[in-house]
Amino acid sequence: MQEKAALIIVDVQNDFCPGGALAVAKGDEVVPVINRYIEKFAAARLPIIATRDWHPLKTTHFKNYGGVWPEHCVQDTAGAVFHSDLQLGSDVVVVSKGAAADDDSYSGFDGKDDAGTPLAELLREWGVQRIFVGGLATDYCVKHTVIDGLKAGFAVVLLGDAIRGVNLTPDDSEKALGEMRAAGAVFLASIDGLSL
Ligand code: VGL
Ligand code: ZN
């Protein structure tokens, strides 16, 4: 019997896609791939979580207040909405993060669902032992979510065909992949190798 799995879709929001405030190059290319993962997890009746970056207008995460990023994914704005082609079904649980005025909260494990339950607690309630992580961006929120998932005791599979990076410097994503592997993440190159 395999360990119970859950799919975690990280920050596939308009602001991280081409045309958005903090666009990740080819960020939208993950959407059709993630839709295929959603289908597989839904068919296997396994939990699906979509995290979202969910910032207040004033936060030390933004350049105007001492951070490194342009304004993005501000709560209740179009930029914070999930990409319109992402096929999130009604069973998907949304986990919001980055809502504090003084915290970057790159990790999905800093986030909570609408009822205020933290991600790790949700996963434990559902008996999940293994998480499959894809989305945006490889070198920030995907990386931190993967590493925090491992620290929290979950087995982590990184979805290699469903991630794209910001790459403030050109090899940031490569470095992030190395860090995630060193921390214990398993790399799945393609959905064709998925076994649930
Ligand atoms: C992210 C930079 C700033 C991400 C969020 O979702 O990877 N990156 N905020
Ligand atoms: Zn952010």
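First listed ligand is number 1; within each ligand, the first listed atom is number 1.
Results of the ring pair (Phe, Tyr, Trp, His ring centres under 6.0 Å) test with Phe132 over Phe154, Phe41, Tyr37 single out Phe41 as the only residue that passes.
Taking 4.0 Å as the cut-off, Gln13 does not count as a neighbour of ligand 1 on heavy-atom distance. The closest approach between Val166 and ligand 1 stays at or above 4.0 Å for every heavy atom of the residue. The closest approach between any non-hydrogen atom of His144 and ligand 1 is not below 4.0 Å.
Counting backbone and side-chain atoms alike, Asp53 contributes an N/O/S atom closer than 2.8 Å to the Zn ion (ligand 2). The distance from the Zn ion (ligand 2) to the nearest N/O/S atom of His61 is under 2.8 Å. Taking 2.8 Å as the threshold, His72 counts as a candidate ligand of the Zn ion (ligand 2), since one of its N, O or S atoms lies below it.
A salt bridge is defined here as a Lys NZ or Arg NE, NH1 or NH2 lying under 4.0 Å from an Asp or Glu carboxylate O, and Arg164 with Asp28 fails to meet this definition. With respect to the salt-bridge test (charged N to carboxylate O, under 4.0 angstrom), the residues Asp139 and Lys175 do not qualify.
His55 contributes NE2 as its N, O or S atom closest to the Zn ion (ligand 2).
Side-chain polar atoms of Ser107 and Asp110 form no donor-acceptor pair below 3.5 angstrom. Remark: the Asp11 side chain and the Thr51 side chain contain an N/O donor-acceptor pair separated by less than 3.5 Å.
Residue Leu136 approaches ligand 1 through these ligand atoms, each under 4.0 Å from one of its heavy atoms: 6 (O), 7 (O).
The aromatic ring centres of Phe62 and His72 sit less than 6.0 Å apart.
An N or O contact shorter than 3.5 Å is missing between Val142 and ligand 1 by distance.
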